[in-house]
Amino acid sequence: MSPQDHRITLLGKPGCHLCDDARAVIERVATELGVPWEERDITASEEDYAKYWEMIPVTLVDGVQHDFWRVDEDRLRAALRS
C-alpha cells in the first residue's frame, strides 16, 4: 500500500490550540507524501463529541485511531508508509 492509498482524519474543535498544532503537522506530512486528509469538528456530531471530547485532537489513519493530544510526525509518517 502506498502513502496515497491512506487517508488522514483530524478530529478537533474550534479554538483548540493543540488542534492547530496537529493540523500543521498533518498538513506537512500529507503534502510531503501526497496523502489526502480531512478535518472533522467534534461539536458537529454528538457521537464524535461523546467519544473524543477529552482526547482532541485525535488523528485517524484510514478510520482507525492513531494518536491523540499530540501528533508525532515520525510515527505518522511511518504509519502512512506501511
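Residue numbers count from 1 along this sequence. Just so you know, these numbers come straight off a predicted model, no measurement behind them.
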Chemist: Answer yes if Trp69 and Leu76 sit in the same cluster of Ile, Leu, Val, Met, Phe, Trp and Tyr residues linked by side chain heavy atoms under 4.5 Å apart, and no otherwise.
Modeler: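 Result: no, two separate clusters.
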Chemist: Compare every heavy atom of Trp37 with every heavy atom of Arg23, then report the nearest pair and how far apart it is.
Modeler: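 Of all heavy-atom pairs spanning Arg23 and Trp37, the closest is CG-CH2, 3.7 Å.
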Chemist: Show me the donor-acceptor pairs, under 3.5 Å and distance only, between side chains in residues 57-65 and residues at least two apart or in other chains.
Modeler:
from  : atom 1 : to   : atom 2 : distance (Å)
Asp62 : OD1    : Arg7 : N      : 2.8
Asp62 : OD2    : His6 : ND1    : 2.5

Chemist: Could you state the interatomic distance from OH (Tyr49) to CD1 (Ile42), rounded to the nearest 0.5 Å?
Modeler: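 Here the interatomic distance stands at 6.5 Å.
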Chemist: Return all side-chain donor-acceptor pairs below 3.5 angstrom for residues 9-18, not counting sequence neighbours, or 'none' if the list is empty.
Modeler:
from : atom 1 : to    : atom 2 : distance (Å)
Thr9 : OG1    : Glu38 : OE2    : 3.1

Chemist: Do Leu80 and Ile8 come within less than 4.5 Å of each other through their side chains, counting heavy atoms only?
Modeler: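 Side chain of Leu80 against side chain of Ile8, heavy atoms only: contact under 4.5 Å found.
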Chemist: Check residues 26-34 and write down every donor-acceptor pair under 3.5 Å in which the side-chain atom is one partner and the other belongs to a residue at least two apart or another chain.
Modeler:
from  : atom 1 : to    : atom 2 : distance (Å)
Arg28 : NE     : Glu73 : OE1    : 3.2
Arg28 : NE     : Glu73 : OE2    : 3.1
Arg28 : NH2    : Glu73 : OE1    : 2.9
Thr31 : OG1    : Glu27 : O      : 2.7
Glu32 : OE1    : Arg77 : NH2    : 2.8
Glu32 : OE2    : Arg77 : NE     : 3.0

Chemist: Does any non-hydrogen side-chain atom of Ile56 lie less than 4.5 Å from one of Cys19?
Modeler: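 Heavy-atom side-chain distance check passes, below 4.5 Å.
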Chemist: Do Ser2 and Gln4 pair up side chain to side chain, a donor and an acceptor below 3.5 Å, judged on atom types alone?
Modeler: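 Distance-only check passes for Ser2 and Gln4.
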